[in-house]
Number of protein chains: 2
Amino acid sequence: MPASVTLSDVAREAGVSLATASRAINGSANRTVRADLRERVLEAAARLRYTPDANAQAMARGRTTSVGLVVHDIADPYFSSIAAGVTRAADREGLQVTLTSTQHDPARESVLVDLLKRQRARAIVIAGGRLDDESINDELRAALADYRAGGGSVALIGQPILGVDAVVVANAQGAADLARALHGRGYRRFAILAGPAHHLTARERSDAFRGALAELGDPVPDDAVVPSAFTHAGGEDAMHHLLRRGDLPELVFAVNDVMALGALAACRESGVRVPDDIALAGFDDISTLRDVVPALTTVRVPLVEVGIAATELALADPSDEPRLTHVPTQVVLRDSTPVR
Amino acid sequence: MPASVTLSDVAREAGVSLATASRAINGSANRTVRADLRERVLEAAARLRYTPDANAQAMARGRTTSVGLVVHDIADPYFSSIAAGVTRAADREGLQVTLTSTQHDPARESVLVDLLKRQRARAIVIAGGRLDDESINDELRAALADYRAGGGSVALIGQPILGVDAVVVANAQGAADLARALHGRGYRRFAILAGPAHHLTARERSDAFRGALAELGDPVPDDAVVPSAFTHAGGEDAMHHLLRRGDLPELVFAVNDVMALGALAACRESGVRVPDDIALAGFDDISTLRDVVPALTTVRVPLVEVGIAATELALADPSDEPRLTHVPTQVVLRDSTPVR
DNA sequence: TTGTAAGCGTTATCAC
DNA sequence: GTGATAACGCTTACAA
């Protein structure tokens with residue numbers, strides 16, 4: 001960044017010392033500046049169109065004004081809603097958001113934490129759910145420990161297995177409630193597009209859904225639980241698998257809305273109508289989907305609020321033990337699962 | 001950020017000078033470091049878990065590694081897709097993205113540019129379309145001039161009216177093509193949810209759509225062109241207006257997909273079925289919507305690529321006159337506008 | 001090839 | 001209340 005007006009320029013222009021200029025402009029803590037001098041400085045700053053250099057300030061003050069955000073894919077409405085919450089909360093505190101993306105590679109999370117440490121981000125919000133993969137978890141744990149040793153604080157969204165503050169979404173409760181609600185609508189034969197086996201959020205949702213149905217006396221058979229990626233393509237593939245297998249269930253539960261969308265695509269390709277031929281439910285309540293026809297039955301997760309809560313957690317002054325913010329979920333029955 | 005390992009620590013640990021440590025770690029331009037020394041330094045750095053301070057590097061080098069992105073709302077799939085492109089392109093160059101949001105207030109764009117100038121972002125991508133509002137444009141122009149005077153470069157997505165590099169989307173062509181395609185499907189009586197009157201993208205789409213129909217001999221009457229916000233709520237309100245008015249058109253064109261979604265919501269509330277009672281088309285081809293039923297007829301804008309192109313433009317070495325990257329659009333006919 | 005030292009633009013600690 | 005001046009952590013002439 002060549003040639004920018006510096007504080008020295010302003011000081012010179014105003015005929016005061018660097019120190020006074022600094023104090024006049026940021027209104028330093030105790031030290032106060034005589035009114036007429038402050039006036040002169042401010043005027044000079046305006047005349048010169050002076051903008052303080054945030055990097056220099058960060059150096060001198062020992063802390064930056066940026067919050068790091070780690071997502072898997074910002075184009076995914078799940079993450080972009082969370083990001084909206086994070087930017088809003090950061091903005092309220094006068095902080096900027098540094099957006100980083102793993103491009104769907106969970107192993108990159110630790111790399112991005114390192115990157116954000118290098119930027120000396122004040123706090124980091126990690127938006128992706130945890131995996132049941134100790135080598136990846138260990139690596140992330142190490143990166144986080146390292147980051148926190150440098151004075152940074154972290155909050156993650158998902159399972160609190162890393163020893164840091166976390167926003168915990170009531171996945172199990174929501175999935176169980178959903179299962180009971182659908183059972184109540186008369187469904188008996190279910191299939192599950194279950195996501196990756198080692199993905200804890202996927203597992204919580206899938207397991208709780210199955211568990212609730214088992215309790216109701218209509219268990220989901222093993223071969224009706226189809227693993228897949230946690231993405232649109234994953235839902236599509238899993239649904240195709242189900243369709244090829246024949247013996248269609250009455251209702252398919254995809255462990256997130258984006259996967260449900262993939263399933264919808266698969267159905268369309270195969271000429272299977274939703275909900276006429278098969279009912280479909282998702283999870284998350286992605287807002288973009290709220291108005292589509294048929295409206296998707298799902299479990300609402302207040303994603304923007306989750307993003308806000310995570311940011312607040314990450315920004316709160318450090319505590320010795322990890323804090324948890326619990327977020328409830330709520331079943332939303334819509335047209336994709338009509339009463340049978 | 002208290003207590004981080006610094007380069008001095010590493011140098012001391014390795015028994016070399018600061019300069020040598022620096023050169024060993026970043027592999028300085030011409031100066032080279034003897035192999036054994038470099039080895040020692042790298043080892044010490046690893047042992048101490050040293051991470052360079054990007055802010056300090058930025059200060060010393062005179063340039064940061066961050067790209068600023070200005071959107072209106074990151075939760076809007078239009079912007080999140082662009083953001084995905086921006087992060088991808090930035091990542092390729094080893095740069096970070098600083099995400100800022102106006103929260104739908106166009107006047108805040110210039111404030112955010114100032115903010116990004118303060119961060120000394122290397123380049124800025126402005127994602128929102130331009131307005132026909134000279135006071136706002138002037139303010140933004142001034143902020144940009146100021147930013148560029150400090151050595152920053154800018155690219156915006158939309159109309160090239162600010163004298164900076166721009167990615168120009170073929171809105172008019174796409175809208176005209178769409179009108180002709182729909183006319184070809186047998187539609188004759190149209191209405192337009194036109195967005196804000198002063199919003200240039202909205203206007204381009206609306207005007208071109210109208211123009212093409214006029215040429216075809218089926219002009220859209222003035223009172224069937226309903227202004228509104230460029231948002232979901234805007235589409236919803238405008239559609240309600242249209243429905244209340246009675247005398248339903250055969251097809252409603254919303255100038256973006258998110259507005260079309262709002263229109264869909266309004267239809268549902270009023271018990272009007274799409275496409276049975278009324279056909280609906282949008283613009284942008286938001287990916288989340290590709291699989292919904294009824295699939296929405298729209299004009300595809302390659303948003304991720306637009307984000308990439310804008311970032312590349314902003315990062316390219318400065319040129320004396322504004323460069324333009326033109327992006328074509330493509331009509332996508334789907335079920336929401338069946339053949340009549 | 002290595003080291004010394006002068007910045008980079010601020011803030012903060014001192015004296016005055 | 002104001003002004004030198006030393007940090008902050010790094011890069012990069014300039015010397016050696």
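Below, chains carry the letters A, B, ... as their sequence lines are ordered, and counting in each starts from 1. Keep in mind it's a predicted model, so treat the numbers as computed, not measured.
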Legend entry - Member of B:Arg122, B:Gln57, B:Gln96, B:Glu93 meeting the side chain to side chain donor-acceptor pair (under 3.5 Å) criterion with B:Thr65: B:Gln96
Legend entry - Those residues of residues 9-17 of chain A lying under 4.0 Å from DNA chain D by at least one heavy atom: A:Val16, A:Ser17
Inset, instruction - List in chain and number order the residues that pass salt bridge (Lys or Arg N to Asp or Glu O under 4.0 Å) with A:Glu305, two or more places apart in sequence or in another chain; answer none if no residue qualifies. - result: none
Inset, instruction - For A:Asp133, check salt bridge (Lys or Arg N to Asp or Glu O under 4.0 Å) against everything at least two apart and list the hits. - result: none
Inset, instruction - Rounding to 10 degrees, work out the angle separating the end axes of the helix from C:dT1-D:dA16 to C:dC16-D:dG1 (five pairs an end). - result: 40°
Inset, instruction - Could you tell me whether A:Gln103 atom CD has more than 12 heavy atoms of other residues or ligands within 6.0 Å of it? - result: yes
With 3.5 Å as the limit, what N/O pairs link the protein to nucleotides 9-11 of chain C?
from	atom 1	to	atom 2	distance (Å)
C:dT10	OP1	A:Tyr50	OH	2.8
C:dT10	OP1	A:Asp53	N	3.2
C:dT10	OP2	A:Leu7	N	2.5
C:dT10	O5'	A:Tyr50	OH	3.1
C:dT11	OP1	A:Asn26	ND2	3.4
C:dT11	OP1	A:Gln57	NE2	2.9
C:dT11	OP2	A:Ser22	OG	2.5

Legend entry - Any A:Pro322 side-chain heavy atom under 4.5 Å of A:Asp165 side chain: yes
Inset, instruction - State which residue, out of B:Gln119, B:Lys117, B:Arg118, B:Arg120, fulfils the side chain to side chain donor-acceptor pair (under 3.5 Å) condition with A:Thr51. - result: B:Lys117
Legend entry - Side chain A:Ser153, main chain A:Ala314, donor-acceptor under 3.5 Å: yes
Inset, instruction - Could you identify which residues of residues 34-47 of chain A place a heavy atom less than 4.0 Å from some atom of DNA chain C, listed by residue number, or say none? - result: none
Inset, instruction - Using modelled atom types only, decide if a donor and an acceptor are shared between the side chain of B:Thr100 and the backbone of B:Leu69 within a distance under 3.5 Å. - result: yes
Legend entry - Close side-chain approach of A:Glu312 and A:Thr325, heavy atoms under 4.5 Å: no
Legend entry - Electrostatic pair A:Arg141:A:Asp138 at N-O distance under 4.0 angstrom: yes
Inset, instruction - Please determine which of B:Arg49, B:Arg47, B:Arg40 meets the salt bridge (Lys or Arg N to Asp or Glu O under 4.0 Å) test together with B:Glu13. - result: B:Arg47
Inset, instruction - State whether B:Arg12 and B:Asp9 are salt-bridged, where the test is any N-O pair (Lys NZ or Arg NE/NH1/NH2 against Asp/Glu carboxylate O) under 4.0 Å. - result: yes
